[in-house]
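Counting starts at 1 for both ligands and their atoms, following the listed order.
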Amino acid sequence: MSAYDDRPWLAHYGGRPAHLRVEFGTAMDMFDAAVAAAPDAPAVHYFDSTLTWSGLDHASDALAALLLARGFGPGDRCALFVQNDPAFVIGLVAAWKVGGVPTAISPMSKVDEFTWFLQRYRPAALLALDDLYLEVVRPAIADDPGIAVPVVVTVSGLDGQTRDDPRLFAGRRRHRPPDTIDLAALVAGFDGPAPRRRPVGPADVAALLPTSGTTGFPKGARISHANLTFNTQIYREWTGVDVGEPILALAPVFHVTGLVGAVTLAMLLRSPVVVTHRILPAVMADAIREWRPVFAVAAITAYIGLADESDITPAEMSSLRLRYSGGAPIEPAVAERLEEALGGYVHNIYGQTETTSPSHIVPPELRSPVDEETGVLSVGVPVSSTVVRVVDDDGRDLPVGEIGELVTSGPQVIDGYWDDPTATAAALTGGELRTGDIGFMDDAGWFYVVDRRTDVINAAGYKIWPHEVEAVLAKHPDVAEAAVVGIPDDYRGESAKAYVVLRAGSPTTEADLVEHCRVRLAAYKYPREIELVGALPRSATGKLLRRELRGQAAVRPRSTDPDPGR
Ligand SMILES: Nc1ncnc2c1ncn2[C@@H]1O[C@H](COP(=O)(O)OP(=O)(O)OP(=O)(O)O)[C@@H](O)[C@H]1O
């Protein structure tokens, strides 16, 4: 009997398979099946334009033919420097067709970050939005001509329309850089034949995806076709989203959550994926009203944005029957508020870029239990064919209920990072990923992530999980968001400091919040310092960047506890 036949809890979760029977081995197979079964069905909705599956096939043929003609070889990288646009999907499929590796670069990157990516990936082709090309690519190459890319294709709007929506393009007219190949013209001028395909197999790299860069500079996760197709099928199996149902890209598609939870899921289901250039609450609200998506996954901040910064009503949200949040913790108080404001429960999902996203999920008919001691909401149960152990510092299994590091193995776990053997060896041993997350499993098989290993605060030997303190702050009616980090403390070595965003117009003071925590948390845990701020630093994928807050705290004078004996 293998380790996962032993999991008692699977029987409780709607008879989902302990082992997933894999239907597709490569993303290319999923795409081809969609084109064959539903050529005229919508594949991508982008504002008022729609691309069908055969249209996507044609557009990606056009780009693939160009790549082949320019000598693009098997395994060559095709960098995608675009937002949530149809061009991302076209670039992805075109690279697969010629046996290449789609390589996502965050469209939030500025010149230095972009240069860093190019120096590491050395792509043979680059697909870039026209404005990103002008603002980032051209200056980067001017600074360092050594990183110039042989084939550059730019995107100025696929339907030939210039989009002037000031919410998206800041009122700028998009215009085509004259020194590059224009994707729309390339597609319009292409009348076949379909280029010769290069075969790809399950072990080939399907994408290089950046991690979120929460703990340092992003790493390039090498996602294989087997990794990608496995977790795409997990989404279908565990959420029950059906063939043809529209899917909203509520997360950036350059990140694993948006790629698997929107783009490739749509391929598997022959569904349209709704993309909106950027993830702005008012824009997402319009897309939900217009295209009535049924499924979305994104960091919880995207749902908070919809609730607080758009005028969407629960009735208008009602099409979205499967709402998932992954990538960041959900505070129980926030989950309740969102259910009230948006008329639906947001389910938790958990994983890493290194696990091609979900390793754990909350099935749609269930709700996460909340652990009484830590106040943390469960991230779910391990998905099919996936084994998660909780281990101590020496890698030994810990008993149920004890807190340790989560270590994951399964068909969705990558085999390494791009060109980074040191980081690969530190994270992956024998097919198991050391997640760097600290958590535990309860006796019903639910998992809880208490914090990241690197975020734990050590107050004179007592461990403080920032998340536990944040959950207490989130219970205060005037607190919109809170983040807790360790700061130097002459007495304890380290103590907790909270950065808090208050709701607009709230009269609450720092002292009120210290008191709110003091009566709810053990003496060593409650934050000695609270700073009110306008916003918390977040990554493009909505993750809290605690390292930036730690950096801010480090340059401030050392804290002096007024009562170190407490
Ligand atoms: N549902 C969730 N609840 C709590 N935390 C989550 C959840 N889902 C993901 N996370 C956090 O996000 C991490 C995975 O994020 P991702 O792979 O995007 O990059 P990152 O680990 O944040 O970045 P980097 O490795 O570059 O520091 C997890 O290890 C975990 O800390």
Side-chain angles (χ1 to χ4, degrees), residues 104 106 108 113 116-117 207-223 227 231 251-261 297-303 323-332 334-335 346-362 368 370-371 374-383 388 405-408 412-414 417-418 420 423-424 426-428 433-440 446-456 465-468 470-471 483 537-548 550:
S106 165
M108 313 292 283
E113 294 150 313
W116 186 90
F117 276 115
L208 287 180
L209 297 183
T211 60
S212 288
T214 315
T215 52
F217 221 89
K219 299 174 284 280
R222 220 166 42 203
I223 311 269
N227 297 149
N231 259 8
V253 296
F254 77 87
H255 183 253
V256 69
T257 306
L259 177 66
V260 187
V297 54
I300 194 72
T301 41
Y303 295 94
R323 303 175 193 181
Y324 275 89
S325 159
I330 311 176
E331 301 305 340
V334 170
V346 179
H347 290 79
N348 212 344
I349 196 162
Y350 161 84
Q352 287 79 24
T353 312
E354 293 87 338
T355 63
T356 325
S357 193
S359 58
H360 295 68
I361 192 166
V362 180
S368 290
V370 177
D371 175 59
T374 54
V376 168
L377 196 107
S378 169
V379 295
V381 295
V383 297
V388 183
E405 184 172 1
L406 305 188
V407 175
T408 305
Q412 69 281 67
V413 175
I414 62 167
Y417 302 106
W418 173 257
D420 196 344
T424 300
L428 291 144
L433 172 78
R434 299 197 61 159
T435 63
D437 287 328
I438 301 294
F440 65 97
W446 291 97
F447 277 73
Y448 301 78
V449 173
V450 180
D451 257 309
R452 298 192 90 146
R453 220 181 148 84
T454 48
D455 291 337
V456 171
W465 313 109
H467 194 179
E468 195 180 343
E470 287 159 10
R538 291 197 181 273
S539 70
T541 50
K543 280 179 206 291
L544 181 64
L545 294 175
R546 275 188 229 272
R547 66 187 156 84
E548 287 197 5
R550 274 194 289 264

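- Contacts of Ala221 with ligand 1, taken as heavy-atom pairs under 4.0 Å, are absent altogether.
- Ring geometry for Phe440 versus Tyr448: interplanar angle under 30°, hence parallel rather than tilted (30 to 60°).
- For ligand 1, the polar-atom distance check against Gln352 finds a nitrogen or oxygen pair separated by under 3.5 Å.
- When heavy-atom distances to ligand 1 are checked against a 4.0 Å cut-off, Ile349 comes that close only through its backbone atoms N, CA, C and O.
- Ranking the protein heavy atoms by distance from atom 21 (O) of ligand 1 puts Arg452 NH2, 2.7 Å first.
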Item to complete: Please report the C-alpha distance between Tyr350 and Thr435 in whole Å, then the side-chain angles of each, then the deciding distance to 0.1 Å, and finally whether the side-chain contact (heavy atoms from CB on, under 4.5 Å) criterion is met.
Response: CA-CA 11 Å; Tyr350 161 84; Thr435 63; 3.9 Å; yes

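- Under the 4.0 angstrom criterion for non-hydrogen atoms, His360 is not in contact with ligand 1.
- When the heavy atoms of Ser212, Ser357, Pro210, Gly436 are ranked by distance to atom 18 (O) of ligand 1, first place goes to Ser212.
- In this structure, atom 27 (O) of ligand 1 lies nearest to the protein heavy atom Thr215 OG1, 2.4 Å.
- Nearest non-hydrogen protein atom to atom 25 (O) of ligand 1 is Lys219 NZ, 3.2 Å.
- Nearest to atom 16 (P) of ligand 1 by heavy-atom distance, out of Asp437, Thr353, Val376, is Thr353.
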Worksheet entry | Phe447 and Val388: CA distance, side-chain angles, deciding distance, side-chain contact (heavy atoms from CB on, under 4.5 Å) verdict | CA-CA 9 Å; Phe447 277 73; Val388 183; 3.6 Å; yes

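- The protein heavy atom nearest to atom 13 (C) of ligand 1 is Lys543 NZ, 3.7 Å.
- The shortest contact between atom 4 (C) of ligand 1 and any protein heavy atom is with Pro329 N, 3.4 Å.
- Checked options His467, Arg550, Arg547; the residue passing with Asp455 is Arg550 (criterion: side-chain hydrogen bond (donor to acceptor under 3.5 Å, both in side chains)).
- Within ligand 1, counting atoms from 1 as listed, the ones closer than 4.0 Å to a heavy atom of Glu354 are 17 (O).
- Between the side chain of Asn348 and the backbone N or O of Ser378 there is at least one donor-acceptor pair closer than 3.5 Å.
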Worksheet entry | Derivation and outcome, side-chain contact (heavy atoms from CB on, under 4.5 Å), residues Ile349 and Val362 | CA-CA 6 Å; Ile349 196 162; Val362 180; over 6 Å; no

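- Asp451 and Arg546 are joined by a salt bridge, as a carboxylate oxygen and a charged side-chain nitrogen come within less than 4.0 angstrom of each other.
- Remark: among candidates Gly327, Pro218, Ser325, Ala299, the nearest residue to atom 8 (N) of ligand 1 is Gly327, based on non-hydrogen atoms.
- Atom CD1 in Ile414 sits 7.5 Å away from atom CG in Asn227 (nearest 0.5 Å).
- With hydrogens and angles disregarded, no donor-acceptor distance shorter than 3.5 Å links the side chain of Asp437 to the backbone of Leu406.
- The closest protein non-hydrogen atom to atom 2 (C) of ligand 1 is Ala328 O, 3.6 Å.
- No donor-acceptor pair closer than 3.5 Å links the side chain of Lys219 to the backbone N or O of Ala423.
- In terms of protein heavy-atom proximity, atom 20 (P) of ligand 1 is closest to Thr214 OG1, 3.4 Å.
- If you check which protein heavy atom lies closest to atom 14 (C) of ligand 1, you get Gly351 O, 3.5 Å.
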